[in-house]
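In this chain, numbering begins with 1 at the start of the sequence shown. All heavy atoms count here, side chains included; hydrogens, waters and symmetry mates do not.
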Amino acid sequence: MSDLVINQKTRPDISKPQWDQRTYYGRVRHFFTLTNPLTLFSSEARQEQCRQIVIDYRNGKVSPELTVHELWKAKRLYDSTYHPDSGEKMFFLGRMSAQMPGNMLINGMLLSLYRTFPGVVFSHWINQSFNAVVNYTNRSGNSKASNERLLLSYLCATGGAMSAALALNAMVKNKNSVAARLVPFAAVAMANCINIPMIRSNEVTEGLELRDENGELVGRSRQMAILSIAQVTLSRIGMAMPDMVMTPIIMNRITRTAYYRTRPWMQKYSEYPIQTMLAGMALFFTTPMCCALFPQKTAIEVTKLEAPVQKEIFSRADAPEVVFYNKGL
């Protein structure tokens, strides 16, 4: 069979994603597989089987029956289940594949419980707790973010989101207006602007790692750290924007219909399920599409870096002209 790995003249390079990451289309395809919630339902045996296939392939051991399709399928499940640096199995709620179902339920809650003080406090606490699990699970293996820093960013983001939601609610007099329904999005956006920079503040003070094409550390850049944090923050806000902006508009229109107003049971019980369903439909697409907005691994010419960093890199005997950095998720 021509599809067998052992028959390939040039064997697949699984150290890189399957699709070209220099194009937006290639990055979207990659993240659609990485964030696929169906991988959460794979069995322990299947996960272990895929892990073994990947490890064996990296060590040069290839089964005679292994096809290229099976290899990439195993690599996709491996990437969505195991940490890229440590190789340890990630907590299932912290995986990128849990982003869509988790945020679907939470966003439905945020959009439904925005009217009361207990509802605001509870929904934003749940949201930031989920974000903390995701941030902790996906932290870099080289990250120096301590548990104390993660806890501090969690508390500040939770407090900021609650304060913003309560303050904006007080400013919006008409509780059934579209403006009032958009308060949760404003609060979530503010929380992201607090949470991500705080967790990654060590990168701003020490600089983001710069590596050559062989993966060797050649320097650190504060400028690239600030750019990367801004890109990740923008991506996170972009994930939430379509469902947390369009869903309130759609729900506001539904509540004005005669059908809705003449059915008390619908007014009492339908808001959460409707908004949760709409959020899920949007997040299924926005999660991978916003993760793919910016390349994960980016190349930059050394001459475009800060002057001290240029001097440090060019002082090396084998100074590269182009270096690479990982922006994170």
Side-chain angles (χ1 to χ4, degrees), residues 13-35 79 83-86 96 134-135 138-146 149-150 153 189-241 286-329:
D13 182 4
I14 64 171
S15 66
K16 303 175 182 177
Q18 185 176 1
W19 297 281
D20 186 0
Q21 297 299 285
R22 292 172 297 180
T23 68
Y24 179 67
Y25 177 68
R27 295 195 297 272
V28 167
R29 293 190 70 181
H30 170 65
F31 280 108
F32 257 110
T33 62
L34 194 65
T35 61
D79 286 344
H83 194 280
D85 294 328
S86 67
M96 292 304 295
V134 172
N135 290 333
N138 291 280
R139 69 197 186 282
S140 170
N142 298 320
S143 174
K144 296 182 180 179
S146 64
R149 177 171 291 175
L150 291 171
S153 64
M190 176 175 286
N192 277 318
C193 291
I194 296 172
N195 198 0
I196 297 169
M198 283 196 65
I199 287 179
R200 299 180 59 176
S201 60
N202 65 297
E203 295 177 11
V204 178
T205 56
E206 300 175 11
L208 190 64
E209 292 184 350
L210 302 172
R211 298 182 180 274
D212 61 18
E213 59 182 4
N214 298 317
E216 183 180 351
L217 181 65
V218 295
R220 294 176 179 272
S221 170
R222 295 181 181 180
Q223 178 180 306
M224 291 303 102
I226 294 171
L227 176 62
S228 296
I229 291 170
Q231 289 177 340
V232 171
T233 303
L234 183 62
S235 296
R236 293 283 186 92
I237 294 173
M239 288 181 203
M241 182 181 291
T286 60
T287 300
M289 292 177 72
C290 288
C291 283
L293 283 176
F294 307 99
Q296 185 76 11
K297 185 179 180 181
T298 304
I300 184 170
E301 296 177 11
V302 176
T303 54
K304 294 182 179 179
L305 297 170
E306 310 96 300
V309 180
Q310 292 183 39
K311 185 177 180 180
E312 178 187 355
I313 294 176
F314 284 137
S315 66
R316 298 170 61 92
D318 54 346
E321 294 183 359
V322 176
V323 292
F324 301 86
Y325 64 92
N326 191 322
K327 75 171 179 63
L329 285 174

_Point-to-point distance, once rounded to the nearest 0.5 Å, from CZ of R222 to CD of E206_ =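 Answer rounded to 0.5 Å: 9.0 Å.
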*Mind checking what makes salt bridge (Lys or Arg N to Asp or Glu O under 4.0 Å) contact with D318, not counting sequence neighbours?*
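Applying salt bridge (Lys or Arg N to Asp or Glu O under 4.0 Å) to D318 gives R316.
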*Is D79 close to P17 at the side-chain level, that is, under 4.5 Å between some pair of heavy atoms?*
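Side-chain contact under 4.5 Å: no.
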*Looking only at heavy atoms, which two atoms of P197 and C193 are closest? And how far apart?*
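Scanning both residues, the minimum pair turns out to be CG-O, 3.2 Å.
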*Would you mind reporting whether V322 and E213 have side-chain heavy atoms less than 4.5 Å apart?*
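They are not in side-chain contact.
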*Does a side-chain heavy-atom distance below 4.5 Å link Q296 with N326?*
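Result yes, sub-4.5 Å side-chain heavy-atom pair found.
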*Report yes if the side chains of L293 and F31 come closer than 4.5 Å at any heavy-atom pair, otherwise no.*
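L293 does not reach F31 side chain to side chain.
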*If we only count heavy atoms from C-beta on, is the V218 to V302 side-chain gap below 4.5 Å?*
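No, every pair of side-chain atoms sits at 4.5 Å or beyond.
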*Is the backbone of F324 close enough, under 3.5 Å, to the side chain of R211 for a donor and an acceptor to pair up by distance?*
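No, the answer is negative, given that no donor and acceptor are paired below the 3.5 Å cut-off.
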*Identify the heavy atoms of C290 and S235 that sit nearest to each other, and give their distance.*
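It is O-OG, 3.3 Å.
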*Give the minimum heavy-atom separation between L210 and L217, together with the two atoms involved.*
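Minimum heavy-atom separation between L210 and L217: O-CD1, 3.4 Å.
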*With sequence neighbours excluded, what pairs up with D212 under the salt bridge (Lys or Arg N to Asp or Glu O under 4.0 Å) test?*
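Once residues adjacent in sequence are excluded, D212 has no partner under the salt bridge (Lys or Arg N to Asp or Glu O under 4.0 Å) criterion.
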*asked:* To the nearest 0.5 Å, what is the distance between NZ on K297 and NZ on K16?
replied: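 NZ of K16 is found 7.0 Å from NZ of K297.
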_Under 3.5 Å: donor-acceptor pair, side chain of Q21, backbone of W19_ =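 Yes.
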_Gap between atom OG1 of T298 and atom CE of M224 - 0.5 Å precision_ =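 It is 9.0 Å, given to the nearest 0.5 Å.
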*asked:* With heavy-atom distances below 4.5 Å as the criterion, would you say the side chains of P295 and R22 are in contact?
replied: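 Not touching, per the 4.5 Å side-chain cut-off.
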*Considering non-hydrogen atoms only, spot the tightest contact between G26 and T23 and give its length.*
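Closest approach of G26 to T23: N-OG1, 3.0 Å.
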*State the CD-CZ distance between E321 and F314, to the nearest 0.5 angstrom.*
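Spacing of CD (E321) from CZ (F314) equals 7.0 Å.
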*Starting at OG of S221, measure out to CG of L227 and round the result to the nearest 0.5 Å.*
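Atom-to-atom, S221:OG and L227:CG are 9.0 Å apart.
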*Is there a side-chain contact between C291 and M96 (heavy atoms, below 4.5 Å)?*
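Yes - at least one pair of side-chain heavy atoms lies under 4.5 Å apart.
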*Can you tell me how far the CD atom of E306 sits from the CZ atom of R220, to the nearest 0.5 Å?*
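CZ of R220 is found 13.0 Å from CD of E306.
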*Answer yes or no: is there a donor N or O on one side and an acceptor on the other, between the side chain of Q310 and the main chain of L305, under 3.5 Å?*
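A pair under 3.5 Å: yes.
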*Are side-chain heavy atoms of Y325 and S228 found at a separation under 4.5 Å?*
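Yes, their side chains come closer than 4.5 Å.
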